[in-house]
Number of protein chains: 2
Amino acid sequence: MTSLRRRTRSPRGSGELLADEIIDSATALLLEKEDAEAVSVRAVASRVGVTPPSIYLHFADKEALLDAVCARYFEQLDVKITEAAAGITDPLRRALSQGMAYVRFAVATPVLYRNAFHRITPDSSTMVEEVLAASAFVQFSATVAELAEAGLFAESEVGDVVLEFWAAAHGIASLMIAKPRLGWGDDFQRAESMLRSVCLGRAVIGVVSSGQTSKDKARAVQGLITELGTPDRN
Amino acid sequence: MTSLRRRTRSPRGSGELLADEIIDSATALLLEKEDAEAVSVRAVASRVGVTPPSIYLHFADKEALLDAVCARYFEQLDVKITEAAAGITDPLRRALSQGMAYVRFAVATPVLYRNAFHRITPDSSTMVEEVLAASAFVQFSATVAELAEAGLFAESEVGDVVLEFWAAAHGIASLMIAKPRLGWGDDFQRAESMLRSVCLGRAVIGVVSSGQTSKDKARAVQGLITELGTPDRN
DNA sequence: TGTACATCAGTGAACGCGCGTTCACTGATGTAC
DNA sequence: TGTACATCAGTGAACGCGCGTTCACTGATGTAC
């Protein structure tokens, strides 16, 4: 089986060509398989059309390969989050759009998502920094910071709110992935209405605990409800 | 190693005694290890003080054993959810309390939680029924149904709301488990404020889209905010 | 009360498997003269 | 232009390992007489 698809040898300088192909194949396997355990060094090598030892010319070990897969995955997530934000000036709408992009991306790549989600930050604190520095995370934090500037909650709460939205989006995606038969409907309307209510709840709490006059608070809450309460406006 | 803790042979009729011990040991291993893959039939047998083939006297295969572990885990979750509901008459508070019990339980048993969460309902539709019939799920659904009766949203939305709360609680727990270093604080106050805002958001949306007069709506929203908006009331 | 026997919970040894990884090698590619 | 050589991407064979599972067995327990 290994020798069926034997690839042509790479030219001298370009070890990275094969490295990329290896990451691609590992990614493809994680996309196809239902179980991450099914992705072995041998399976990856065979898919690339190369023998297992070749993998070790490009990656120190299996973990390093999976780290590389994970890094590439985050780059793609970043692209999706960027696209989702493009051209949306209202930060509330943008936050919603970015959240939905996250959910869609995760649901489209279940095994990859789980791999990436559990790979980053098990223990080492450099990993935490890696997450916090991840571009998708930074982008979304910026959106939330804009919401704070708009008065939806205190600047000091930005970190909390980011975490809350992340938990919500992750929870929805994770549940959709793990229990696909729970009747999620054809499109992501259920997911979107969930994200909407999280946004609304947090924003209402933020407004209420702000220093505005109660008349201003009432008006702000009313505005939020108009913006987020009815699912069909968009 | 196997022979060090050799257990005394069970009396004639009671094969279930050892079966229980096996489930206990497998559970204990899943509690201690950071990785579910580390739990092997051999490890379980050795912990019970028995040889690997003995396991097959009580369980058809490894999957059956893990299913049994999972079933026992759900029983324990059910107990926690029951305890969390005890004596709380206000359904909103009760929903919150049950949600927090879920999060605490999951966070206290990370590997077991992940195992159980991913084991149930991968594909078979009987599994879906199993989840829906699970007592913890039924209990929480009853609480949400009471919220609907109280007018927080339409009866027809009960299923949606249950799913939304579940996604929220799961998302929080899952994030706390996977990224313990993200600064969750000592107690679960962050988790609780997240659940509160989800409750509030959903309830506000429910009230607003209800058939009440706008004056009644305003009063209802105000009541919800009083109930859920300030984290220190309890 | 004592003995022969059936039962069956648990054993010991082994099976085949796929895994991650290693190591000495091969042979096409590019370079020096 | 042609030949000898160094480089190094990729190979083939093998390693040790732990896994889930099987099978013929053993020997204490309980029963029949």
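By convention in this document, chain letters (A, B, ...) are assigned in the order of the sequence lines, proteins followed by strands, and residues within each chain are numbered from 1.
Within the structure, a side-chain polar atom (N or O) of B:His58 is placed less than 4.0 Å from OP1 or OP2 of C:dG10. Residue A:Thr51 has a polar side-chain atom (N or O) positioned under 4.0 Å from OP1 or OP2 of D:dT11.
Here B:Leu18 contributes atom CG and B:Ser25 contributes atom OG; the two are 9.0 Å apart, rounded to the nearest 0.5 Å. In this structure, CG on A:Leu65 lies 7.0 Å from CD1 on A:Ile23, to the nearest 0.5 angstrom.
Note on residues 135-146 of chain A: pairs passing salt bridge (Lys or Arg N to Asp or Glu O under 4.0 Å), not counting sequence neighbours, are A:Arg94-A:Glu146. Sorted by first and then second residue, the salt bridge (Lys or Arg N to Asp or Glu O under 4.0 Å) pairs involving residues 155-174 of chain B (not counting sequence neighbours) are A:Arg190-B:Asp160, B:Glu157-B:Arg202, B:Glu164-B:Arg202.
Distance B:Glu21 CD to C:dA9 P: 15 Å, rounded to the nearest Å. Distance CG (A:Leu57) to C1' (C:dA24): 14 Å, rounded to an integer number of Å.
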Requested in this report: Starting at the 5' end of DNA chain D, write a dot or bracket for each base, bracketing those in Watson-Crick or G-U wobble pairs whose two distances are under 3.5 Å and using | for partners on another strand.
Outcome: .||||||||||||||||||||||||||||||||
Side-chain donor-acceptor contacts of residues 98-107 of chain A below 3.5 Å, not counting sequence neighbours, with atom names and distances?
{"from": "A:Gln98", "atom 1": "OE1", "to": "A:Thr143", "atom 2": "OG1", "distance (Å)": "2.7"}
{"from": "A:Tyr102", "atom 1": "OH", "to": "A:Tyr113", "atom 2": "OH", "distance (Å)": "2.7"}
{"from": "A:Tyr102", "atom 1": "OH", "to": "A:Trp166", "atom 2": "NE1", "distance (Å)": "2.9"}

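Take A:Asp78 and apply the salt bridge (charged side-chain N to carboxylate O under 4.0 Å, His left out) test, not counting sequence neighbours, and it matches no residue.
For the 3.5 Å distance criterion, the side chains of A:Tyr73 and A:Thr27 fail to qualify, holding no donor opposite an acceptor.
For the pair B:Lys62 and B:Tyr56, the cation-pi test (distance below 6.0 Å, angle within 45°) is failed.
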Using the 3.5 Å cut-off, write out each protein N or O paired with an N or O of nucleotides 16-23 of chain C and the distance between them.
{"from": "C:dC19", "atom 1": "OP1", "to": "A:Ser40", "atom 2": "OG", "distance (Å)": "3.0"}
{"from": "C:dG20", "atom 1": "OP1", "to": "A:Val41", "atom 2": "N", "distance (Å)": "3.3"}
{"from": "C:dG20", "atom 1": "OP1", "to": "A:Lys62", "atom 2": "NZ", "distance (Å)": "2.8"}
{"from": "C:dG20", "atom 1": "OP2", "to": "A:Val41", "atom 2": "N", "distance (Å)": "3.0"}
{"from": "C:dG20", "atom 1": "N7", "to": "A:Arg42", "atom 2": "NH1", "distance (Å)": "2.3"}
{"from": "C:dG20", "atom 1": "O6", "to": "A:Arg42", "atom 2": "NH1", "distance (Å)": "3.3"}
{"from": "C:dG20", "atom 1": "O6", "to": "A:Arg42", "atom 2": "NH2", "distance (Å)": "2.9"}
{"from": "C:dT21", "atom 1": "OP2", "to": "A:Tyr56", "atom 2": "OH", "distance (Å)": "2.6"}
{"from": "C:dT21", "atom 1": "OP2", "to": "A:Lys62", "atom 2": "N", "distance (Å)": "3.0"}
{"from": "C:dT21", "atom 1": "O5'", "to": "A:Tyr56", "atom 2": "OH", "distance (Å)": "3.3"}

